[in-house]
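These notes concern the structure reproduced below.
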Amino acid sequence: MKKLLRYLSPFAPDQSGVSGVLYELGGLIVICDAGGCSGNICGFDEPRWFTKKSAVFSAGLRDMDAIMGRDDKLIEKLAKAQEKLKCSFTALIATPVPAVIGTDMKALKRMAEKKTGVPCISINAIGTRYYDEGESLAWYELFREFAGRDSAEESDENTKASASEDTTDRTTGGEKKLNPDLKTVGIIGATPLETGYSSSEVLMDFCKGYGINEPVIYGIGTGLDAIRYAGNVQKNLVVSAAGLKAARYLKDTFSIPYEVGYPFIPEVVTKAVETFVDRIGNDIRRVLIVHSQFAANELRSDIRAMTENSTEDITIDCATFFMQEAEYAETGDIMLSGEDELWEIAESNKYDLVIGDTDIKRLFDVAGYKGSFVEFPEFAISGIPMDDGKTLA
């Protein structure tokens, strides 16, 4: 059973990823569920819930509402909340229930825009995919909907909302750019689920150490205006595979180049790895990093830089449970299909050093792994956040 978990915690699902992208953008976020999915988001998958306000609501679907498809009730409740809160946009996030009954999320989007007069985005999360796939959908829809458009344009668009399906690309196609003086680097993909950090100040400090001063970190410490002005940055740094689709869209639409990287490796992880550097290439020949793809790739590059003078052959493989882009993978990298595959790797003892989350260490210990282990928390797996980058929470 590929999805059976005995030693790892359940991974953050796609609706949590969507919510994490939208959390700080000033929208009215509606989780289309009966209450369980939104409770999981607020209680476990969103560390900012306890420190920053956001208009996150559960649709409160009841059995008959779901069975009969009473979309009008949902839109009515959304309109009442919007009338009170005056949010800059609304967002409808699907969950397993809408996925099972085949709710038309595009129709809900049109109904919401017609009823409220403000922009709406709808995301077809299904609850059985992981957080990164939800983030990918959310980043793309955000930039497609808002990049290059000001609030006046949005208001005019929504007064013309109709029942016909809207399949057009709702941007200016790069012909009009807002805030032309903006010259900086945009960071796409730096959500708490991806990095473990929920503080924009901490992320900014990491970026400075990476040589990026005053970046625009989309979704963390910035609002919807940052998305609107996304057509004016010099380039984008994509820190998660989930951000690639949006970055490619911005490149095609606004001719903004992008590169991938991950400037958020915690100092405590780097120092822990450094303790093994003298042994790497001698009694440590094979290293495995289990993390999200770009974070693992960045740490692999760091280790190679630390051991560049070694004359021994060193193999460093990266593995992930989440999105893996072939363009950025190396021979030997592993796309994990489930816990059982990681168990087999642990049981084989073919790696001398493994770097990964605390829950992964527990699995390796139980499987009889005899090598060394360095902890590199992955929030989407264990829910363990990181604080200032120097110590682990």
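Within the 3.5 Å criterion, the main-chain N or O of Ile126 finds a donor-acceptor partner in the side chain of Asp14. Side chain of Glu325 to main chain of Glu327: no donor-acceptor pair is present (N/O by atom type, distance under 3.5 Å, no hydrogens or angles).
Taking the six-membered ring for Trp and thresholds of 30 and 60 degrees, Trp343 and Tyr7 have nearly parallel ring planes, at less than 30 degrees apart. Between Phe143 and Trp139, the ring planes lie parallel to each other; the angle is under 30°, not in the 30° to 60° tilted range. By the 30° and 60° cut-offs, the orientation of the rings of Tyr328 relative to Phe294 is perpendicular.
Defined by atom type and a distance below 3.5 Å, a donor-acceptor pair is missing between the side-chain atoms of Gln15 and Thr95. The closest side-chain donor-acceptor pair between Ser292 and Glu378, if any, does not fall under 3.5 angstrom. For the residue pair Glu347/Tyr369, the side-chain donor-acceptor check at 3.5 Å is not satisfied. In summary, the side chains of Ser337 and Glu341 do present a donor paired with an acceptor at a separation below 3.5 Å, with no hydrogens or angles considered.
Between Arg144 and Glu141 a salt bridge is recorded (basic side-chain N to carboxylate O distance below 4.0 Å). Using a 4.0 Å cut-off between charged nitrogen and carboxylate oxygen, Glu298 and Arg304 do not count as a salt-bridge pair. Salt bridge present: Arg228 and Asp225 bring a charged side-chain N and a carboxylate O closer than 4.0 Å. With respect to Lys361 and Asp357, no salt bridge is recorded, no charged nitrogen being found less than 4.0 Å from a carboxylate O.
With Asp317 as the partner, the salt bridge (charged side-chain N to carboxylate O under 4.0 Å, His left out) test is satisfied by one option alone out of Lys350, Arg285, Arg300, Arg286: Arg286.
Here the shortest heavy-atom pairing between Val233 and Thr184 reads CB-O, 3.4 Å. When every heavy atom of Cys32 is checked against every heavy atom of Ala94, the shortest pair comes out as CB-CA, 4.4 Å. Contact detail for Cys120 and Leu92: the closest heavy-atom pair is SG-CD1, 4.0 Å. Nearest heavy-atom pair, Leu250 versus Ala230, reported as atom, atom and distance to 0.1 Å: CD2-CB, 4.3 Å. Closest non-hydrogen pair, Ala190 versus Val239, comes out as N-CG2, 3.5 Å. Taking both residues in full, the closest heavy atoms of Leu25 and Ser88 are given as O-OG, 3.9 Å, listed atom of the first, atom of the second, then distance.
A 4.5 Å side-chain heavy-atom check between Tyr23 and Trp49 finds at least one atom pair inside the cut-off. At a threshold of 4.5 Å between non-hydrogen side-chain atoms, the residues Thr320 and Leu336 do not count as touching. Side-chain contact check for Ile345 versus Ile334: some heavy-atom pair is nearer than 4.5 Å. By the 4.5 Å heavy-atom criterion applied to side chains, Ile121 and Leu142 are counted as neighbours. Looking only at side-chain heavy atoms (C-beta outward), Leu203 and Phe264 come within less than 4.5 Å of each other.
Under a hydrophobic-cluster definition in which Ile, Leu, Val, Met, Phe, Trp and Tyr are linked whenever side-chain heavy atoms come within less than 4.5 Å, directly or via other members, Met306 and Val268 are assigned to the same cluster. Residues Phe364 and Val366 share a hydrophobic cluster, clusters being chains of Ile/Leu/Val/Met/Phe/Trp/Tyr side chains in contact below 4.5 Å.
The aromatic ring centres of Phe11 and Phe322 sit less than 6.0 Å apart.
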